[in-house]
Amino acid sequence: MNHSQPLCRLADIPDGDAIAVQVASATGGFELIVLRRGERAFAYHNECPHAGRNLDYAPGRFLVRDGRLTCAAHGATFAVESGACLGGPCRSGLVALRVDVVDGAVWLP
Ligand code: FES
């Protein structure tokens with residue numbers, strides 16, 4: 001994992017929405033969903049616990065509304081601020097990664 005670069009600028013994420021961010025790693029990397037609510041950011045692996053699909057409906061585009069993120073594949077719904085399963089076919093929540101917002105940038109600690 002590269003700790004010398006932020007994941008993104010907070011301003012890169014429209015407030016109340018989400019973007020996809022690729023993270024490099026020794027095993028080939030992975031994709032995160034990075035969501036914004038005001039001055040806070042939340043990050044989850046872009047892998048739905050229902051059937052393992054990505055949650056976006058088009059690359060980097062997510063269904064986010066009223067603090068809920070909906071998987072585009074079969075409609076599982078998750079809380080933006082915790083990743084908890086709120087409805088639909090999921091039985092568990094999203095895998096969260098802690099992120100910090102420092103000087104307008106979103107970082108993995
Ligand atoms: S893979 Fe997300 S709801 Fe089925």
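Start at 1 and go down the list; that is how both ligands and their atoms are numbered.
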I need the atoms of ligand 1 closer than 4.0 Å to a non-hydrogen atom of [X], numbered in the order shown.
X: Pro89; answer: 3 (S)
X: Cys48; answer: 1 (S), 2 (Fe), 3 (S)
X: Ala73; answer: 1 (S)
X: Arg53; answer: 1 (S)
X: Ala76; answer: 3 (S)

*Taking atom CG of Leu55 and atom OH of Tyr44, what is their separation to the nearest 0.5 Å?*
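Between Leu55 CG and Tyr44 OH, I get 11.5 Å after rounding to 0.5 Å.
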*Write the atom name of the N, O or S atom in His50 that is nearest atom 4 (Fe) of ligand 1.*
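Result: ND1.
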*Mind checking whether atom 4 (Fe) of ligand 1 has an N, O or S of Cys71 under 2.8 Å?*
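No.
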*Has His74 got an N, O or S atom lying less than 2.8 Å from atom 2 (Fe) of ligand 1?*
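Under 2.8 Å: His74 has no N, O or S contact with atom 2 (Fe) of ligand 1.
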*asked:* Between Val23 and Glu31, is the side chain to side chain contact (heavy atoms under 4.5 Å, CB included) condition met? List the steps.
replied: CA-CA 6 Å; Val23 178; Glu31 186 170 275; over 6 Å; no
_For Val99 versus Pro109, what's the shortest heavy-atom pair and its separation?_
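In terms of heavy atoms, the two residues are closest at CA-CD, 4.3 Å.
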*Hey, is the main chain of Ile33 close enough, under 3.5 Å, to the side chain of Asn46 for a donor-acceptor pair?*
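Not confirmed, Asn46 side chain does not pair with Ile33 backbone.
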*Is the backbone of Ala73 close enough, under 3.5 Å, to the side chain of Arg53 for a donor and an acceptor to pair up by distance?*
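No, because the side chain of Arg53 does not come within donor-acceptor range (under 3.5 Å) of the backbone of Ala73.
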*Determine whether Phe42 and Leu69 fall in the same hydrophobic cluster, where Ile, Leu, Val, Met, Phe, Trp and Tyr are linked whenever their side-chain heavy atoms lie under 4.5 Å apart.*
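Yes, same cluster.
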